[in-house]
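Everything on this sheet refers to the single structure shown next.
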Amino acid sequence: MASKQITLFDLRSKAPNHAWSLNPWKTRLLLNYKGLDYKTEWLNYPEIKPRLEAHVSPNAEGYAYSIPTVAFPDGTWVMDSRAIAAAIEERHPSPPAHLSSPYQARIEALVPAAMKALLPVLYPQIPRSLLEPASIEYWYRVRSEKVGMPIDEFEAKYGGDAAYAAATKPLRDITSLYAEKASDGPFLQGKEPCYADFAWIAFLEFTRRVGEDVYEGVLDRAGDRTVHEKLMKAAAPWLERNDH
């Protein structure tokens, strides 16, 4: 009898293994929110392409094969968190994730802007704090190619306070979005979450996994940090499942 479980492909961390990466967290939050039955298959970076290439077409941009990827019980495989969200919503529309929320495009612009500004902080700390030995050589090689210099040089030139300063505007713009419905509830739409919330919650949880200092640095520069603390408290039930 075929399994009815969804399989989520996520990135392994050093022991104790737990979910940490931004994009897989978006999918994990959505699965947890909808209460869907799933299992996790954990991969180190060098294992991603060999595991996925027989089942999905390579991405048109960026890395050819990426996490998250999901295998549905009907044999369909989907790569990329946004495409996965659409596939999950089509198969399991309740409770709704409101993928067409007007906040979606705004969050999809602001979160990458904050992420890009903080790369000189995040890139050096991820292998130190999170990666298993099997992923570390890959990480330094691929990320150094992406930024055009060794990661330690990237950190020295652009990290620290300069990175947080560069992230301040998109972080405060995100705070302003949450302030629009703050009297109605902790989410962008008020009382009910939408997938745009999960994109931001995933970013916050990602920074917390990288290091409490990074998480605190983000909140300190976001303006009213209580907006985000309330959001993370409300999201706590969907963040609990992080190791299986």
Side-chain angles (χ1 to χ4, degrees), residues 6-10 19 21-38 56-63 66-116 167 169-207 218 222-224 227-228 230-239 241:
I6 295 168
T7 300
L8 168 64
F9 295 89
D10 202 346
S21 187
L22 168 60
N23 288 319
W25 258 120
K26 296 177 191 175
T27 301
R28 186 175 292 272
L29 283 161
L30 184 59
L31 291 167
N32 292 344
Y33 167 64
K34 288 181 176 285
L36 299 178
D37 183 18
Y38 73 97
V56 292
S57 299
N59 292 310
E61 298 179 354
Y63 304 113
S66 58
I67 298 295
T69 293
V70 156
F72 288 99
D74 64 4
T76 303
W77 290 54
V78 183
M79 185 167 59
D80 180 77
S81 56
R82 190 64 175 79
I84 292 167
I88 290 173
E89 190 74 353
E90 180 181 1
R91 289 165 169 81
H92 305 280
S94 182
H98 304 288
L99 297 179
S100 60
S101 164
Y103 288 105
Q104 189 66 44
R106 297 160 80 181
I107 284 290
E108 286 178 347
L110 291 170
V111 171
M115 178 77 169
K116 182 177 180 180
K169 185 179 188 308
L171 292 175
R172 294 195 173 188
D173 286 347
I174 292 168
T175 301
S176 295
L177 290 185
Y178 276 92
E180 291 178 9
K181 297 286 181 68
S183 61
D184 298 328
F187 304 111
L188 286 164
Q189 298 185 146
K191 292 182 173 61
E192 188 176 33
C194 60
Y195 185 69
D197 287 299
F198 297 150
W200 176 235
I201 294 163
F203 180 86
L204 290 174
E205 184 66 12
F206 165 56
T207 63
V218 167
D224 183 4
V227 168
H228 309 290
K230 289 176 182 177
L231 176 69
M232 293 299 278
K233 183 177 180 180
W238 311 316
L239 291 165
R241 181 175 175 178

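We use all heavy atoms of the structure for the numbers below, so side chains are in, but hydrogens, waters and symmetry mates are not. For this chain, numbers begin at 1 and follow the sequence in order.
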Pairs touching residues 91-101 that satisfy salt bridge (Lys or Arg N to Asp or Glu O under 4.0 Å), sequence neighbours left out = Asp74-Arg91

Looking at [X] and [Y], what are the two nearest heavy atoms and their distance?
{"X": "Ala85", "Y": "Leu99", "value": "O-CD1, 3.7 Å"}
{"X": "Leu110", "Y": "Ile174", "value": "CB-CG1, 3.6 Å"}
{"X": "Ala167", "Y": "Ala114", "value": "CB-O, 4.2 Å"}
{"X": "Ala199", "Y": "Lys26", "value": "CA-CG, 4.1 Å"}
{"X": "Phe203", "Y": "Val111", "value": "CD1-CG1, 3.9 Å"}
{"X": "Pro95", "Y": "Glu89", "value": "O-OE1, 4.5 Å"}

Is there a side-chain contact between [X] and [Y] in this structure, where contact means two heavy atoms from C-beta onward sitting under 4.5 Å apart?
{"X": "Val56", "Y": "Val78", "value": "no"}
{"X": "Phe187", "Y": "Leu231", "value": "yes"}
{"X": "Asp184", "Y": "Gln189", "value": "no"}
{"X": "Met79", "Y": "Phe9", "value": "no"}
{"X": "Tyr38", "Y": "Asn32", "value": "yes"}
{"X": "Ile201", "Y": "Met232", "value": "yes"}
{"X": "Glu192", "Y": "Pro96", "value": "yes"}

Side-chain donor/acceptor of Asp80 to backbone N/O of Ala83, under 3.5 Å = yes

Just verifying a value: how many Å separate [X] [atom1] and [Y] [atom2], rounded to the nearest 0.5 Å?
{"X": "Phe198", "Y": "Leu188", "atom1": "CZ", "atom2": "CG", "result": "11.0 Å"}
{"X": "Glu90", "Y": "Phe72", "atom1": "CD", "atom2": "CZ", "result": "9.0 Å"}
{"X": "Trp25", "Y": "Leu22", "atom1": "CH2", "atom2": "CG", "result": "11.5 Å"}
{"X": "Leu31", "Y": "Ile88", "atom1": "CG", "atom2": "CD1", "result": "4.0 Å"}
{"X": "Ile6", "Y": "Leu36", "atom1": "CD1", "atom2": "CG", "result": "5.0 Å"}
{"X": "His92", "Y": "Asp37", "atom1": "NE2", "atom2": "CG", "result": "9.5 Å"}

Exceeds 12 heavy-atom contacts within 6.0 angstrom, atom NZ of Lys34 = yes

Using a strict cut-off of less than 4.0 Å between a Lys/Arg side-chain nitrogen and an Asp/Glu carboxylate oxygen, indicate whether Arg106 and Glu180 qualify as a salt bridge.
-> yes

Please assess Asn23 against Ser66 for the test side-chain hydrogen bond (donor to acceptor under 3.5 Å, both in side chains), listing each intermediate value before the final yes or no.
-> CA-CA 10 Å; Asn23 288 319; Ser66 58; over 6 Å; no

Residue list, salt bridge (Lys or Arg N to Asp or Glu O under 4.0 Å) with Asp197, at least two apart or on another chain | none

For the pair His228 and Trp200, evaluate side-chain contact (heavy atoms from CB on, under 4.5 Å) and give the outcome as yes or no after the intermediate values.
-> CA-CA 9 Å; His228 309 290; Trp200 176 235; 3.0 Å; yes

Chi angles and distances behind the side-chain contact (heavy atoms from CB on, under 4.5 Å) call for Ile84, Leu30 = CA-CA 10 Å; Ile84 292 167; Leu30 184 59; 5.9 Å; no

Phe206 meets the ring pair (Phe, Tyr, Trp, His ring centres under 6.0 Å) criterion, sequence neighbours left out, with none

